[in-house]
Amino acid sequence: MRRGITVAAIAGVLALTATACGGDSGGGGGDSSGKKAAEDPRSVSGSITWWDTSNEAEGPTYDKLIAAFQAEYPKIKVNRTSVSFDQAEQKFKTAAQSGKGAPDVIRTDVGWSAGFANLGYLQPLDGTPALDGAEDFLPGPLSTAKWNNETVGVPQVTDTLALLYNKKVFKDAGIAAPPATWDEFIAAAKTIKKKTGVTGTQLNPEGYFSLPFLHGEGADMLDVDGKKITVNSAEGVRAMETALKLAGSDVALKPATTDGYVAAQTSFKAGEVAMILNGPWSVSDSYAGKAFKDKDNLGIANVPGGSAGKAGAPIGGHNYSVYRGSKNKDASYLFVRFMASKKSQELTAKEINTLPTRKSAYTAEVTADPAKKAFQQALTVARPRPVIPGVGDLFVAFDQHYVKILRGDVSPKDGLDALAKEWNSKLLKDYTTTTTG
C-alpha cells in the first residue's frame, strides 16, 4: 500500500507496542505523547539505545555530544551502538518485527523512513519535543522525514550533489566560471582538453548520479501523487541522451562499470579529469589527492541545468527516528531534540564536516568553510527523491539499466522503457507507466 499501513502491519504495531523492549532498556519515560518530556524534562529517567549508522571516525564527536546530553539530563543513560550502514536497514526491520532488540532511536537513511513508517515501526513525532523548532529545518531535508501526513523523523544531516572542479585547470584553459548548463559543461570540457590536455570529466554510472540530468529536463523518476512511472518520459529520454553524449565523447573518460564512484573520484583528485559530480562527503578525500593539496584549488558550484532551464540534484542525508515500540519515548524525544539542535549540528559541521539541516546552524563560523558554504548554496536547487517505501530497490534496477545506456548497449529510450517495465512488474505494480512513443 502506498498510503497508510496494511492490516498485518497494524497488527504488528499493536504487538510491538505491547511487547517491544525498546533496546532492552527499562525505566521511566513511557508517555508516548511526549507530555512528560515537554512539561518536566528534568524528571525523565531511563536508559535508551541509539543505533548510530555513521562511520566510526565520526564516533568520538557523537560520544562528546552524548556526554553533554547526559550532563544535562543525568537521569537518562544513552547507549550508542555502532551498526554497519549496509546492514542496519534489514537488522532494524528484523528486530522491529520480532519486538526484540530494536533500539529506541535509530539513525535512518532518508530512503528508509517511508518504508519503516509504512510497516508501522516509527513513532510519529508531531507535537513532541523531538520536533521542537521545526520551522528552522530546511524544507528539503524535512520533507524526507514525512510519511502519510505524519513526521516520522528529525533531520540529522543532509547532503546533495554539486559540480566539483579543478580551478587551476580552468584558469589554464582560460575558463572564468564553472558551467551553468550541460551545453556549457560539454563546451568547457572540449576547451579544457584542447588547451590543457586534461580530460573534461568521468561520469559515475549509478542511477543516483543521473538525477541531475533528469531534473535538468524537468523530469523525475516517479509522479508519486499520480502513481505514475515517469522516468521514461520524453524529458527523461532527453536527459539520458545528454548523459550518453558526455560518456561517449572524447572529452570524458569512459565510466567504469564496476566501482564507478571510486573510479571517478580517483581520477578527479589525481588531476586526471577537471570536473565531476559529487557530494560533501567527498571533499576531505579530494583534499587528500595531489590535485587539491592546496585546498583553495577545489571549486564547488551548483550542478548544471538542462535544456528546460532547470537545475536540480537529489537530496540525501539521515534522520533521527524513534522506534514505535520503545518503552522510553520521553527520553528518546529529549535525546533527539538535543542531537538535532542548532548547537549540536554546528559542532558536527565543524568537527566532522557534516551539512546541517537547520538554517540557524549555518553560522558564520560554519560557512567560513568554502565547501560548506558552496553546498549550502547547492541545497537551494536540490530536490528530494520520491518518498515511497523501498525506494532503495528502485535504484538497484536503475543502476543496471543506466550502465547499459552509458555503455551504448541500448538506446536511452529503450533503456528507460526497460527500466520502467521492470519497476512496474516487480516493485510498483499499482503504478501506470509513461509511453514515450
Side-chain angles (χ1 to χ4, degrees), residues 1-2 4-17 19-25 48-56 58-59 62 79-125 144-148 152-157 159 206-208 221 259 261 281 314 316-327 332 336 384-400 422-423 425-429:
M1 294 176 66
R2 188 174 59 91
I5 57 177
T6 63
V7 172
I10 292 172
V13 171
L14 295 175
L16 289 171
T17 304
T19 64
C21 63
D24 295 328
S25 54
I48 61 174
T49 295
W50 172 40
W51 279 9
D52 177 14
T53 60
S54 65
N55 64 66
E56 268 305 294
E58 299 176 350
Y62 291 120
N79 302 295
R80 182 178 76 87
T81 301
S82 181
V83 179
S84 173
F85 176 79
D86 60 358
Q87 299 176 16
E89 182 179 14
Q90 186 56 51
K91 185 174 182 179
F92 180 72
K93 286 181 179 178
T94 300
Q97 183 179 27
S98 68
K100 297 179 180 179
D104 300 280
V105 178
I106 181 172
R107 177 182 183 265
T108 64
D109 180 89
V110 297
W112 302 346
S113 296
F116 289 165
N118 191 54
L119 291 169
Y121 298 156
L122 301 185
Q123 175 70 17
L125 300 176
T144 70
K146 293 183 179 292
W147 174 250
N148 199 26
V152 294
V154 176
Q156 181 214 14
V157 296
D159 60 58
E206 297 174 12
Y208 182 81
M221 299 163 60
D259 294 327
Y261 174 90
W281 58 81
H318 294 83
N319 301 322
Y320 292 109
S321 289
V322 175
Y323 172 46
R324 198 161 190 162
S326 169
K327 292 182 178 180
S332 298
V336 169
R385 289 169 284 175
V387 180
I388 63 167
V391 69
D393 293 333
L394 298 182
F395 281 98
V396 173
F398 203 163
D399 291 353
Q400 297 169 353
E422 182 172 345
W423 281 352
S425 63
K426 296 181 179 180
L427 303 169
L428 300 168
K429 295 181 180 180

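Values below: every heavy atom of this structure, side chains too, minus hydrogens, waters and symmetry copies. Here the structure is a predicted model, which is why all the values come from computation and not from measurement.
The ring-ring contact (aromatic ring centres under 6.0 Å, His included) with F92 is formed by just one residue from the set W112, F116, F85; it is F116.
When the salt bridge (Lys or Arg N to Asp or Glu O under 4.0 Å) test is applied to R385, no partner is found at least two apart in sequence or on another chain. For W51, the ring pair (Phe, Tyr, Trp, His ring centres under 6.0 Å) criterion is met by no residue, not counting sequence neighbours. The ring pair (Phe, Tyr, Trp, His ring centres under 6.0 Å) check on Y62 picks up W50, with sequence neighbours excluded. By the side-chain contact (heavy atoms from CB on, under 4.5 Å) test, Q87 is found to be paired with S84, residues two or more places apart in sequence or in another chain being considered. Residues meeting the side-chain contact (heavy atoms from CB on, under 4.5 Å) test with L427, sequence neighbours left out: D393, L394, W423. Listed by chain and residue number, N204, F209, Y261, D399 satisfy the side-chain contact (heavy atoms from CB on, under 4.5 Å) test with E206 (two or more places apart in sequence, or in another chain).
Considering OG1 of T49 and CD1 of I106, their distance stands at 12.0 Å, rounded to 0.5 Å. With values rounded to the nearest 0.5 angstrom, H318 atom NE2 is found 10.5 Å from T144 atom OG1. Taking CG from L122 and OG from S326, the interatomic distance works out to 12.0 Å, rounded to the nearest 0.5 Å.
A 4.5 Å side-chain heavy-atom check between Y323 and S332 finds every atom pair outside the cut-off. P124 is listed as a side-chain neighbour of R324, based on a closest heavy-atom distance under 4.5 Å.
G317 approaches D159 most closely through the heavy-atom pair N-OD2, 3.3 Å. Residues S54 and S82 come closest through the heavy atom pair O-OG, 4.5 Å.
No donor-acceptor distance shorter than 3.5 angstrom exists from the side chain of N319 to the backbone of S321, with no hydrogens or angles considered. Counting only distance, with no hydrogens or angles, the side chain of S113 and the backbone of A145 share no donor-acceptor pair below 3.5 Å.
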